[in-house]
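The structure appears below as structure tokens.
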Amino acid sequence: MISFDWKNADASAIGNEHGLEIKKEFSNYKKQIANIVSELYSSKDQHGKWLKWMNLGYQDELIQEINQYAQSVKGKFDNLLVLGIGGSALGGICITEALLKPYWNILDKNQRNDFPRIFFVDNIDPDQINGLFDVLDLKKTLVNVITKSGTTAETMSAFMIIQERLEKELGDSAKENIVTTTDRNKGILREITNEKGYKSFIVPDDVGGRFSVFSAVGLLPFALTGINISEMLKGVREMDDALKNTDVEKNIAAQNALIHYLMDKKGKNLSVMMPYSSRLRYVSDWYVQLWAESLGKETDLDGNVANIGPTPLKALGATDQHSQIQLYNEGPNDKLINFIRVGCFDTELRIPEVLMETGVGYLGGKSVNKLMNAEADATRIAVTDFKKPNVNILVPKVNEYYLGQLLYMLEVQTAIAGALYNIDTFNQPGVEQGKNYTYALMGRKGYEKTAKELEQKLVTSICQY
Ligand code: PA5
């Protein structure tokens, strides 16, 4: 199992002003945490609670269906192009970056075991999308368009561009190059899917985008690139089993949620995610969305205006030791740093015994693995010396099983934190206003009045489109 160490957030390590008396707090919150955990588990199947992501570890049939489809298209495509944004993209990016061989897209086909290269379009930068057409042969590309609502402007505009090009190049058989992942019944993409007869997978009901990584949203692109999704869900299930424990002393997701919540009360409302592994770099991006959209809320469940929300930040060890650590050590004591440490790397890399007579001679004969772990330890200890609270998540290995555990633990942690803050963790009303303004500016029917009101507020651009 992955493990969690909170001792550097404890007053015994960093003093009373900045640290918590964690054991005492576990006992203070014992009952409340037990209630939260049992409420989560007892209501997870209820429609409207948005907790069905807690069932995603248990989907034997779906695994079979996805693996069968992946097998049926294996070798047919050089590229997999995933269109999606936010929760429909970040889990995919996070896991493929962690689990596919480094530099996957420039390995040759044999080195990729006949699996396709993978590209994500999770933005609408015209230069980037146009640039894609220089590197992708669309005829040899399988396009997986993912949108739960089936209406998201960014995703659907990319889809419209690519669908048109595919149909021009391939005519009717373009449909063989498209697979959709969307709601079972609702949304424009569902209508198009049915009309065109695209192969399709479902984003289950009561699973929000940012909690959908273990649904077909993530599992399909993973299986298509050869990632072992059965092993991943095994990790999810093991973690799920462990997190059912209502005792905060034994539930690591509850512990980290509580520590974040109490640190926020002490003025430390920035949550830094800092893995010491380039492969885990995008775990931070995924976590930032999960934490921000789930916990940043204007009102609490009793309707009080509260403007709640710890701000998540991303950092990468050791790279950001040369960028952000100066601030973390000497700047304001307003952060809780989540270090992620990898137990064993897949490979070992030795530094040769050269330049031994110089100032860098001490590195010769050691491994880069040792250097990475030494830097992780050194930074963690130094940050603690500066009395800055930090916790450590130990991931034994970067593989399917432990990634399943890690992401699921962070999801449950988020749900528990939301309950402690007494907010609705699973909505995102704050993003609607900007969406409506975009519709108005893009001339969507029904938004004419808003468009008029916005006229005075627009920034003058150099190019008018
Ligand atoms: O977490 C969320 O709910 C959001 O980030 C959505 O995933 C994002 O807005 C994309 O939505 P959709 O999948 O409907 O295109």
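Position 1 is the first residue of the sequence; numbering continues from there. Atoms within each ligand, like the ligands themselves, are counted from 1 in listed order.
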### Message
Determine whether Trp6 and Phe26 satisfy the following criterion, ring-ring contact (aromatic ring centres under 6.0 Å, His included), listing intermediate values before the conclusion.
### Response
CA-CA 12 Å; Trp6 47 255; Phe26 284 171; 5.7 Å; yes
Sequence neighbours excluded and cut-off under 3.5 Å, please list the side-chain donor-acceptor pairs for residues 75-83, or say none.
from	atom 1	to	atom 2	distance (Å)
Lys76	NZ	Ser72	O	3.2
Asp78	OD1	Lys109	NZ	3.3
Asn79	OD1	Arg117	NH1	2.7
Asn79	ND2	Thr141	OG1	3.1

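- A salt bridge is defined here as a Lys NZ or Arg NE, NH1 or NH2 lying under 4.0 Å from an Asp or Glu carboxylate O, and Asp172 with Lys175 fails to meet this definition.
- When Val383, Leu313, Val391 are each tested for a side chain to side chain contact (heavy atoms under 4.5 Å, CB included) with Ile337, only one passes: Val383.
- Taking a heavy-atom cut-off of under 4.0 Å, ligand 1 is surrounded by Ile85, Gly86, Gly87, Ser88, Thr147, Lys148, Ser149, Thr152, Gly209, Arg210, Gln289, Glu293, Gln428.
- Between Glu65 and Lys199 there is a salt bridge, with a side-chain nitrogen of the basic residue lying less than 4.0 Å from a carboxylate oxygen of the acidic one.
- Taking the six-membered ring for Trp and the full ring otherwise, Phe426 and Trp50 have centroids separated by 6.0 Å or more.
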